[in-house]
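Notes follow the structure.
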Amino acid sequence: MKIESSNLPKAYEAGKYEDDIYQYWESSGLFNPDECIKRGVTDKDTPTFTIVLPPPNVTGKLHLGHASMLAYEDLIIRFQRLQGKQTLWVPGTDHAAIATQTVVEKELAKEGLKKEDLGREKFLERVREYVSKSKNTIRKQLRKMGASLDWSREKYTLDEDVSRTVYHVFTRMYEDGLIYRGDRIVNWCPRCHSTLADDEVEYKEQKAKLYYIKYGPVVIATTRPETKIGDTGLAVHPDDQRYQDLIGKELEINLGKVDIKVKVFADKEVDPEFGSGAIGVTPAHSQIDFAWAEKYGLEVKKIIDEDGKMTAEAGPYAGLPVEECRQKFIADLEKAGLLVKVEEIENNISVCYRCGTTIEPLTSKQWFIDVNKKIPRFGKSLKELSIEAVRQGLSGDPKQKIDIIPERFYKTYFQWMENLRDWCISRQIWWGHRIPVWYKEGGDEEVYVGVEPPKGEGWRQDEDTLDTWFSSALWTFSTLGWPEGEDFKRFHPTQVLETGYDILFFWVARMIIMTIYTTGQIPFEKVYLHGLIRDKQGRKMSKSLGNGIDPLEMIAKYGADALRLSMIIGTAPGNDIRMYEEKIAGYRNFVNKFWNIARFILLTVNKPERIASQPLPKTLADQWILANFNQLIQEVTGLLEQFSFSPAAEKLYEFTWSKLADWYLEVAKIEQGKDEILNYILERLLIMLHPFVPFVTEVIWSTSYNPEKKPELMLMVQKWPQAQGEAGGGGQFDLLQEIIVNIRSLRSTNKIPPVEVVDVKIESEKYQPLIESQKELIAKLARVGFVEELDKDSALHYPGDGYDIYLAVSGDIKARLEKERRELEKYIASLEKKLSNEEFLRKAPSEVINKEREKLKQAREKLNKIKN
RNA sequence: GGUCGUGUAGCUCAGUUGGUUAGAGCGCAUGCUUCACACGCAUGAGGCCCCUGGUUCGAAUCCAGGCACGACCACCA
């Protein structure tokens, strides 16, 4: 079949092809590993390779972080597919409890409504509507990026089967005594009206007032005076001389309109330098105070409720909002002469990571997961198991060990895991998995926990929902039909979890905890953590800064391939990535370059044809390109196997542009008969580039090697190439390149017009036969004509390394030679110094010494020639 | 306070177990409608590899300390 040039326009316009190509892939069904086996492109006995897509939140749209995640994961999965594995990449979305509820609440607010106006069911209906729209947007965007996801296995955290798994796991943990309900201190967000996990709390620096209050016999300092109404303890440092006689006593203290009773105790955590060295302890409204209360047996008195108002315990202040109470309380203290002084200080305030509202720590009856309790089945706690799996593998089994890339995150992981406290999993919001616990009417005493609602009358389900990370934590197996599903048996544990390091704790760690507990298996063998996307100045991308880049806009402008490449090249795992439009444009240029390389090959070569084994090299250039290509195959394969994506892409880029296009194609225009070699290389280069730039490679492939568009002949399911024959450097072709570049440089610096063919004579004792045999290439690539005789005195003489070039033009070469001479002299001096160092001669390996001697010899020869 | 990361050309970054005359892309300069590509081709300029010590025959690379920037964890009552 002859390729019509009209099929291949001069510039590659990604937008014309990408959607069609995705459609072509998807309708082939070959994203699905079962279909691959059915079609005979994958052997059913090969190993499986599974990745679950970190499910995007059903709020809003794709951002660059998603784009980078997709670029990596699709690269990994396509590479594995080309290597012949049964590959499965599971798509899905996350209901994102608080985030989604907040978005819909904001929508409602625009209509002047609150969720309570609708009621629970109507509100949830409204959220579902929003979600279904949002899900479709996300699906479209994932396709835009070229993600080879198996859509037939798509999941959603609120799907019925996934939800059943959630309830199942909850029930089992309850039965194992790992889930308990307790009146404990939690992080309360008054705006979200819900609890937050410890790692959902962020800290912000702010200016605050530090109040010094007369507090019975002592003075204490506090930034939250109103909480002192709930004090039940007074803490001092054990060695603090000022308070020795108070330790162990119970004090009655008047604070204006209220009286409180506190127990004095000593604890080393008290900083005697700060404030007055004495702390009023408020167990119900401070994490550390709560811990002290447990340790020293203090009463827990809750004075602030879930609405941010003072409780009945606050006596005369009951019912007041916290802020108002503070003003009143301060005024009352002042009247009573109890306010000593006020200082301005900087302190950290805890805020909700979703909405930025100040957190109100308070005690509340909530559901928790006990991370320290031994599980009968394992004889170990969740914490211990999760550490073990990453340290040495579950029960010491190396197959049950989780690797983390990059390695430095091991330390971060262990540190977090070792300090992990019980995980509060109940949330006071409506959107999410409702806690599968029922209480018998009339109290909380009688409890039923189960996957199905209890039989009989008079049961009332817990109003709360589960932390969104509870269901995400089950994602590797809840998506695969645990416990009895074929997919679960076949594809779990998964091979890689690829995600940003910012959710190492939120998600990765929790998956490890929950998966080991439930399945006894690790969730994944490897964690690959990519960096976060920043702008060119290194700032986070955000709406308020207006520095965000919309991936869809970039795809429209430059193509998905270009965007993908720009997220891979120049990045290292765990390191943040600076993204800017020029970079994407740069890789668009590469895509276009490759397009034109293919275009040239396919228009020049009459018959695109697949070549099974490496053709015999006929010329020096052939030998050079094939040896380099073999080396490329080996290097790229090795790098991808060890997850070194950026270096692999750079190698491909460099070979494609600087070797194949800049040199070999130019040679091919001169030497004829390159059909086989060009076909051989293009075919395999397409395969190797495919995981990085899937669209353009599939377009080229389908117009050349698969013109009938047979699914099983798609590029996506080809076999990864292997080196056939000698791999390595250039040998004599390097010398040829050097001679040509030298001539071009002489021409350029002497302003010889490019069209002018210049007489040349090259003399060499060492390389005469080589130069003789490659005259044609030199002549055409450097625009020179070889002559037998030439007036050396009037010619430009360039003394090369082992050869002499005489160019029949007038010009000046002195400046250049002078510069070369200076550099050489410096170089020689450093080599001489090294080689005259006896220690070096005695201790360095002989190969290194010989190499240095050889360098020196050559440098000296060159210098001599330049001087003459 | 603790832990970690980063510092290489104007910009964004490579630099794989210590041995290169330190690289790439963009940008810049000069020239080119060379029949695949101006999203291109050719040639070129541009670097105390943050600082100070140390280890070593030899350090951009390893170690210690410092400076600058960044992230995370803990958290100030």
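Predicted model, so just to flag it, every value in this text is computed and none were measured. Naming convention: chains lettered A, B, ... in sequence-line order (proteins, then strands); numbering from 1 in each chain.
- Between B:rC57 and A:R842, no contact under 4.0 Å exists linking OP1 or OP2 to a side-chain N or O.
- Comment: A:D535 does not engage A:R578 in a salt bridge, judged by the lack of any side-chain N to carboxylate O separation of less than 4.0 angstrom.
- Contact check for A:L781 versus A:V667: side-chain heavy atoms found under the 4.5 Å cut-off.
- The CZ atom of A:F414 sits 23 Å away from the P atom of B:rG2 (whole-angstrom rounding).
- For B:rC39, its base sits under 3.5 Å from the side chain of A:R588 at one donor and acceptor pair at least.
- When the side-chain nitrogen and oxygen atoms of A:K819 are compared with OP1 and OP2 of B:rA45, one or more of them lie within a distance under 4.0 Å.
- Judged by centroid separation below 5.5 Å and plane tilt below 30°, A:F840 does not stack onto the base of B:rC57.
- The phosphate of B:rG44 has OP1 or OP2 within less than 4.0 Å of a side-chain N or O from A:S745.
- For the pair A:N347 and B:rC75, the criterion of a side-chain N or O lying under 4.0 Å from OP1 or OP2 is not met.
- As judged by a 4.0 angstrom heavy-atom cut-off over every strand, A:V591 is placed among residues making no nucleic acid contact.
- If you check every strand for non-hydrogen atoms under 4.0 Å, A:Q415 touches sugar and phosphate atoms only.
- Heavy atoms of A:K557 sit nowhere under 4.0 angstrom from any nucleic acid atom.
- Between A:N596 atom CG and B:rA36 atom C1' the separation is 5 Å, expressed in whole Å.
- Residue side chain A:K669 reaches the base of B:rA36 through a donor-acceptor N/O pair under 3.5 Å, judged by distance alone.
- Here the C1' atom of nucleotide B:rC75 and the CD atom of A:Q287 are 11 Å apart, to the nearest Å.
- Base pairing annotation: B:rG18 forms no Watson-Crick or G-U wobble pair, as no partner gives both donor-acceptor distances under 3.5 Å.
- Of the candidate nucleotides B:rC37, B:rU3, B:rU6, B:rC37 has the atom lying nearest to any side-chain atom of A:K593.
- Contact annotation for A:W657: backbone-only contact, meaning every heavy-atom pair under 4.0 Å involves sugar-phosphate atoms and none involves a base.
- Straight-line distance between the P atoms of B:rU17 and B:rG31: roughly 43 Å, to the nearest whole Å.
- One interatomic measurement links the two molecules: CD of A:E756 to C1' of B:rG31, which rounds to 14 Å at whole-angstrom precision.
- Here the nucleotide nearest the side chain of A:R421, chosen from B:rC72, B:rC32, B:rC75, is B:rC75.
- For B:rC75, its base sits under 3.5 Å from the side chain of A:N348 at one donor and acceptor pair at least.
- Summarising the geometry, the separation between CZ on A:R578 and P on B:rU6 is reported as 13 Å, rounded to the nearest angstrom.
- Using cut-offs of 30° and 60° for the angle between ring planes, the A:W595 and A:Y17 rings count as tilted.
- Side-chain contact between A:K383 and A:E418: absent, with no pair of heavy atoms (C-beta onward) separated by less than 4.5 Å.
- In this structure, A:A844 reaches the bases: a heavy-atom distance under 4.0 Å links it to at least one base atom across the strands shown.
- With a 4.5 Å cut-off on side-chain heavy atoms, A:E226 and A:I330 do not count as touching.
- Separation of the P atoms belonging to B:rG54 and B:rA42 is 47 Å when rounded to the nearest angstrom.
- Nearest to the side-chain atoms of A:K851 among the listed nucleotides B:rC75, B:rC37, B:rG19 stands B:rG19.
- For A:I584 and B:rC39, the CD1 to C1' distance is 15 Å, given to the nearest whole Å.
- Taking atom CG of residue A:N592 and atom P of nucleotide B:rC39, one finds them 9 Å apart after rounding to whole Å.
- Of the candidate nucleotides B:rC4, B:rA36, B:rA77, B:rA36 has the atom nearest to the side chain of A:A661.
- Nucleotide B:rU21 holds its C1' atom 8 Å from the NZ atom of A:K855, rounded to whole Å.
- Shown are A:T232, A:V281, A:D231; of these, the side chain to side chain contact (heavy atoms under 4.5 Å, CB included) with A:V262 is made only by A:D231.
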